[in-house]
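Here is the structure we will look at, set down as structure tokens.
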Amino acid sequence: MSATSPAPVATFEGSYLGAQDKISDQAIMECKVCWTPYDPADGDDSRQVDPGTPFSALPEDWTCPTCSAPAEQFMVLEDPGAAEMREAARIAAVTARLVDDFTEVWHAKMRDVPLVNKSLQVEAVGFRAWQEQILGVLISPWFMNLVLLPDGDSWDLVPGEKEVISFPSGDYEFLHNTRPAIGSYKACSLFSPMGDFTRQKDATDVARAVMIAIFDEANRAETDRSADIRAAREAELEAAASAEAGTDGPEAPPVPILTDRPSRRAVLTAGLAEEAPAPSDAPEATPSDITADPDR
């Protein structure tokens with residue numbers, strides 16, 4: 001070996017060596033010199049590190065409390081959050097393509113359209129695996145949609161077709177669409193346009209609330225109108241049958257006006273979302289070119 005060659009770094013499989021992106025916040029680390037563990041649940045009293053502090057968030061000058069070995073000499077002893085971390089990374093890779101695609105649409109086609117909100121940007125919020133699909137909220141300067149992506153093979157969808165999908169909080173109408181960069185996906189409109197939001201944080205806060213509300217069964221009572229609709233329809237059929245038979249059947253009750261109750265979308269968005277006509281000066285655009293927004 002040349003006298004000027006650097007000395008080899010002593011290491012072995014499983015050593016940390018500074019790769020913070022490979023461990024979760026729950027990882028329990030162990031000093032490979034003296035075998036002293038660092039458990040985030042306990043922290044480190046000797047350095048006034050509070051319980052709940054992940055290994056990756058320790059001070060830069062933190063060392064092993066027993067032998068003073070640097071953090072780079074710790075290895076993973078146990079990582080309960082590793083599977084969740086890998087799952088999050090996988091979903092992030094999928095949604096990154098979605099964000100990239102609609103960011104390109106924003107810069108190429110939508111930036112000068114009057115209805116857009118230039119205070120906002122394209123962002124994917126709360127995406128998670130759900131029933132062999134990936135569900136989340138996509139924010140853009142001109143819409144906020146619930147979006148379903150395939151978790152695996154691409155769907156064979158016809159753009160423009162509608163599908164009702166059930167969640168714990170109720171049934172929601174999704175529009176089918178496809179784009180060359182991301183393939184097929186399904187979208188349910190929450191807001192369009194986005195003039196009610198003055199900051200990106202306001203939009204992301206609503207998006208996170210939507211991802212909680214959609215799985216809350218307590219919302220179903222406010223949104224499930226199937227019983228009302230079915231009762232009205234049965235009354236109509238009974239009245240028609242009585243009229244055809246020439247008998248005086250029971251008087252059909254008036255069809256209930258359902259618009260005085262919150263829509264499913266209004267429940268999800270805490271009543272913020274309202275139907276709004278598109279501005280008359282908005283350019284014509286097909287869903288496959290711009291967005292799968294059912295309101296457009």
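Quantities reported herein were computed from a predicted structural model and do not represent experimental measurements.
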- Item | Candidate pair Glu104 and Lys109, rule side-chain contact (heavy atoms from CB on, under 4.5 Å), full reasoning | CA-CA 8 Å; Glu104 176 62 27; Lys109 297 183 178 181; over 6 Å; no
- Item | Note, Pro37 side chain near Met29 side chain (heavy atom, < 4.5 Å) | no
- Item | Nearest-0.5 Å distance that lies between atom CG in Asn145 and atom SG in Cys188 | 7.5 Å
- Query: OG/Ser68 to CD/Gln73 distance, rounded to the nearest 0.5 angstrom?
  - Reply: 12.5 Å
Counting only pairs under 3.5 Å, give me each side-chain donor-acceptor contact of residues 115-127, with atom names and distances, residues two or more places apart or in other chains.
{"residue": "Asn117", "atom": "OD1", "partner": "Ser119", "partner atom": "N", "Å": "3.0"}
{"residue": "Asn117", "atom": "OD1", "partner": "Ser119", "partner atom": "OG", "Å": "3.4"}
{"residue": "Asn117", "atom": "ND2", "partner": "Met194", "partner atom": "O", "Å": "2.9"}
{"residue": "Asn117", "atom": "ND2", "partner": "Phe197", "partner atom": "O", "Å": "2.6"}
{"residue": "Lys118", "atom": "NZ", "partner": "Arg111", "partner atom": "O", "Å": "3.4"}
{"residue": "Glu123", "atom": "OE1", "partner": "Gln200", "partner atom": "NE2", "Å": "2.8"}

- Message: Tell me the closest heavy-atom pair linking Thr36 and Pro65, and the distance in Å.
- Response: CG2-CG, 4.2 Å
- In short, Arg179 meets Val105 closest at the heavy-atom pair NH2-CG2, 3.2 Å
- Side-chain heavy-atom pair Pro141, Trp106 within 4.5 angstrom cut-off: yes
- Met75 reachable from Val33 in the ILVMFWY side-chain graph, under 4.5 Å edges: no
- Taking all non-hydrogen atoms of both residues into account, name the closest pair between Cys64 and Cys34 and its distance. SG-SG, 3.5 Å
- Query: Hey, does the side chain of Asp44 reach the backbone of Ser46 with a donor-acceptor pair shorter than 3.5 angstrom?
  - Reply: yes
- Any side-chain donor near an acceptor of the partner, Ser169 and Asp216, under 3.5 Å: no
- Message: Within the 4.5 Å heavy-atom criterion, are Ile28 and Pro40 side-chain neighbours or not?
- Response: yes
- Out of curiosity, Met144 CE to Leu138 CG, how far, rounded to the nearest 0.5 Å? 9.5 Å
- Looking at Val210, Ile214, Val206, which one forms a side-chain contact (heavy atoms from CB on, under 4.5 Å) with Val137? Val210
- Message: With heavy-atom distances below 4.5 Å as the criterion, would you say the side chains of Asp79 and Val76 are in contact?
- Response: yes
- Query: Quick one: do Phe215 and Phe174 end up in the same hydrophobic cluster if we chain Ile, Leu, Val, Met, Phe, Trp and Tyr together by side-chain heavy atoms under 4.5 Å apart?
  - Reply: yes
- Message: Centre-to-centre under 6.0 Å for Phe74 and Trp35, is that the case here?
- Response: no
- Query: Should Asp202 and Arg199 count as an ion pair when the cut-off is N to O under 4.0 Å?
  - Reply: yes
- Looking only at heavy atoms, which two atoms of Phe167 and Leu135 are closest? And how far apart? CE2-CD2, 3.6 Å
- Message: Please enumerate all residues that pass side chain to side chain donor-acceptor pair (under 3.5 Å) together with Glu161, with sequence neighbours excluded.
- Response: none
- Query: With a 4.5 Å limit on heavy-atom distance, are the side chains of Thr204 and Ile139 in contact?
  - Reply: yes
- Query: Do Leu149 and Val147 have side chains that get closer than 4.5 Å, going by heavy atoms?
  - Reply: yes
- Task: Decide if the gap between the ring center of Phe143 and the ring center of Phe191 is smaller than 6.0 angstrom.
- Result: no
- Message: Using the rule that Ile, Leu, Val, Met, Phe, Trp and Tyr join whenever any side-chain heavy atoms are under 4.5 Å apart, tell me whether Leu190 and Trp130 fall into a single cluster.
- Response: yes
- Message: Please report whether the ring centroid of Tyr185 lies less than 6.0 Å from that of Trp155.
- Response: no
- For the residue pair Trp62 and Arg47, what are the closest heavy atoms and their distance? CA-NH1, 3.3 Å
- Distance col, row Leu146:CG vs Ile165:CD1, nearest 0.5 angstrom, shows 9.5 Å
- Message: Tell me whether Lys201 is salt-bridged to Asp205, with the criterion being a basic N under 4.0 Å from an acidic carboxylate O.
- Response: yes
- Roughly how far, to the nearest 0.5 Å, is OG1 of Thr95 from CZ of Arg128? 14.5 Å
- Query: Do Phe102 and Ser140 come within less than 4.5 Å of each other through their side chains, counting heavy atoms only?
  - Reply: no
- Item | Any Gln26 side-chain heavy atom under 4.5 Å of Glu78 side chain | no
- Item | Minimal non-hydrogen separation, Thr178 against Pro159, with atom names | CG2-CG, 3.6 Å
- Message: Pair Glu163, His176 - check side-chain contact (heavy atoms from CB on, under 4.5 Å), show working.
- Response: CA-CA 7 Å; Glu163 176 183 358; His176 292 181; 2.7 Å; yes
- Item | Asp61 atom CG, over 12 foreign heavy atoms within 6.0 Å | yes
- Item | Gap separating the SG atom of Cys31 from the OH atom of Tyr38, nearest 0.5 angstrom | 14.5 Å
- Task: Examine distances only and state if a side-chain atom of Thr53 and a backbone atom of Val49 form a donor-acceptor pair shorter than 3.5 Å.
- Result: no
- Item | Ionic contact status for Asp151 with Arg90, cut-off 4.0 Å | yes
